[in-house]
Amino acid sequence: SITCLKMENNSKYCFTGSKDCSIIKWDLSTGERETFRGDKGKDNIRGHTDHVLAIDVSLDGKYLLSAGKDKTIKLWDVHNHKHLFTFSGHEDIVTGIKIDPEKNLFYSISYDKSLKVWDLSKGECIDTLHGHSGEELCISAQSSDNVLTGGNDGHILLWKLKDEAKLQYNSSQKVIDCLQIINSKYFVSAADNSTIELWNAKKKSPIFTLPWAHESNYVCSLTGIANRDVIASGSTDNFVNIYKFSEEEQEIHLTDKLLVNGSINGLGFSEDCSILACANSVDQRLGRWITRTSVYIGITLFHCKTAEQQRNDSSY
């Protein structure tokens with residue numbers, strides 16, 4: 001099953017990670033694919049030896065980071081698929097990674113309840129931070145002063161690394177599975193009970209709650225583009241929901257539902273929001289609580305410039 005998806009900044013390619021230990025680079029214009037290989041249980045290879053659970057791509061598209069169940073983070077050369085370096089330090093499964101768009105840093109979270117800050121050029125961990133009382137499951141970041149983490153303790157933490165400070169937000173949900181920053185003031189979270197919450201970064205409680213966003217189905221993924229008002233959520237209900245954020249109304253509104261077969265473990269918009277890529281899977285990223293049959297494992301693309309174009313365009 002595909003566990004995660006990342007759209008490249010120029011929207012020519014997207015990348016997916018999988019439970020088969022591999023990463024695939026997809027050409028969105030041709031459907032051609034190239035594989036960064038791993039091998040389950042074999043420690044003598046350079047790729048991953050267990051499920052790949054998170055990926056991110058540098059702004060210039062030259063480098064890719066991947067992380068997963070083998071407790072490691074791998075740095076890859078995107079163009080020749082060459083493994084460059086392995087970052088080690090987490091004591092348990094690595095569930096999320098984000099590259100800082102402004103600095104030569106990246107951030108990682110883990111079941112070991114830590115947030116680690118890494119120096120990409122030096123290949124070393126420069127800080128380890130603790131704040132969650134449970135396993136950390138999701139991360140979203142815009143800068144070193146805007147790093148969000150969530151987990152199965154029901155809390156969301158905003159880390160301001162420059163000031164060595166953190167803020168805690170109290171969700172009504174027991175588990176925070178997905179996070180997406182909208183801009184420096186607002187973000188959204190999703191829980192396994194199909195609830196999506198909208199937050200103002202200055203308030204400790206959600207300002208808007210959308211219950212049953214996917215009826216009673218598990219929300220597997222959230223995505224958006226920084227400083228834009230479009231958000232998407234994926235689930236196990238065969239639909240991707242599209243929302244519009246209204247700062248004036250302090251709400252998010254459902255604007256469309258896109259039919260996609262399977263559990264949608266990853267979503268990614270192109271930079272101009274004209275393309276939405278969806279990762280189709282048979283089960284969830286971190287487990288097999290709901291397993292789908294007759295699901296094509298791959299990616300589905302939607303053109304989203306206009307309402308007329310928001311229809312299933314192609315699957316690879």
Side-chain angles (χ1 to χ4, degrees), residues 54 56 67 89-90 92 94-119 125-193 195-211 213 219 221-229 231 233 243 245-252:
D56 202 6
H90 279 294
D92 210 331
V94 184
T95 52
I97 45 175
K98 286 293 178 184
I99 299 174
D100 192 308
E102 299 175 352
K103 298 181 178 180
N104 204 30
L105 304 173
F106 73 90
Y107 314 104
S108 64
I109 58 168
S110 168
Y111 274 13
D112 66 14
K113 307 174 188 177
S114 73
L115 166 67
K116 287 185 179 291
V117 183
W118 304 82
D119 188 309
C125 178
I126 59 174
D127 205 355
T128 299
L129 305 164
H130 294 89
H132 286 280
S133 59
E135 297 167 345
E136 297 184 33
L137 305 177
C138 52
I139 183 170
S140 186
Q142 272 191 329
S143 69
S144 59
D145 259 1
N146 199 0
V147 180
L148 284 171
T149 58
N152 65 9
D153 59 1
H155 297 312
I156 300 168
L157 296 180
L158 171 62
W159 303 85
K160 293 183 174 292
L161 302 179
K162 292 178 184 177
D163 300 328
E164 298 183 349
K166 64 179 182 288
L167 302 174
Q168 179 175 301
Y169 301 92
N170 301 314
S171 173
S172 60
Q173 312 307 312
K174 294 181 179 179
V175 178
I176 306 299
D177 281 295
C178 307
L179 288 166
Q180 177 62 48
I181 293 173
I182 299 173
N183 54 40
S184 60
K185 296 180 181 179
Y186 299 95
F187 62 91
V188 287
S189 65
D192 58 357
N193 67 355
T195 298
I196 295 177
E197 294 177 322
L198 173 67
W199 302 79
N200 183 317
K202 293 183 178 181
K203 298 183 179 180
K204 290 191 174 183
S205 298
I207 59 173
F208 176 76
T209 299
L210 182 64
V219 180
S221 52
L222 280 175
T223 195
I225 294 292
N227 303 312
R228 289 179 177 264
D229 61 2
I231 304 158
S233 64
Y243 311 92
F245 163 65
S246 170
E247 184 171 4
E248 181 180 356
E249 298 178 18
Q250 302 279 283
E251 293 183 1
I252 57 172

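The structure displayed is predicted, hence computed values, not measured ones. Quick note: numbers below take in every heavy atom, side chains included, and nothing from hydrogens, waters or symmetry partners.
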Looking only at side chains, do Ser233 and Gln180 share a donor and an acceptor under 3.5 Å apart?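 There is no such pair between these side chains.
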To the nearest 0.5 Å, what is the distance between [atom1] ([X]) and [atom2] ([Y])?
X      : Y      : atom1 : atom2 : answer
Asp153 : Glu135 : CG    : CD    : 10.0 Å
Ile139 : Ile97  : CD1   : CD1   : 9.5 Å
Gln250 : Leu198 : CD    : CG    : 7.0 Å
Lys204 : His155 : NZ    : NE2   : 11.0 Å
Leu158 : Ile181 : CG    : CD1   : 7.5 Å
Lys203 : Lys185 : NZ    : NZ    : 12.0 Å

Donor-acceptor check, side chain of [X] to backbone of [Y], threshold 3.5 angstrom: yes or no?
X      : Y      : result
Glu164 : Leu161 : no
Asp100 : Leu105 : no
Ser114 : Thr128 : no
Asn146 : Ser184 : no

Is any side-chain heavy atom of [X] less than 4.5 Å from a side-chain heavy atom of [Y]?
X      : Y      : result
Thr209 : Thr195 : yes
Glu248 : Ser246 : yes
Gln173 : Asn193 : yes
Asp56  : Phe106 : no
Asp229 : Ile182 : no

Which pair of heavy atoms, one from [X] and one from [Y], lies closest together, and at what distance?
X      : Y      : result
Ser189 : Ile176 : CB-CG2, 4.2 Å
Tyr111 : Thr95  : CE1-CG2, 3.5 Å
His132 : Lys113 : O-CB, 3.9 Å
Trp118 : Ser108 : NE1-OG, 2.8 Å
Ile196 : Ile252 : CG2-CD1, 3.8 Å
Ala141 : Tyr107 : CB-CD1, 4.3 Å

Trp199 and Tyr169 aromatic ring geometry - parallel, tilted or perpendicular at 30°/60° bounds: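 Perpendicular.
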Please test Val188 against Phe245 for side-chain contact (heavy atoms from CB on, under 4.5 Å), starting from the C-alpha separation and ending with a verdict. CA-CA 10 Å; Val188 287; Phe245 163 65; over 6 Å; no
Identify, with sequence neighbours excluded, every residue that meets side chain to side chain contact (heavy atoms under 4.5 Å, CB included) alongside Ser110.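 Counting only residues at least two positions away or on another chain, Ser110 forms a side chain to side chain contact (heavy atoms under 4.5 Å, CB included) with His90, Asp92, Asp112.
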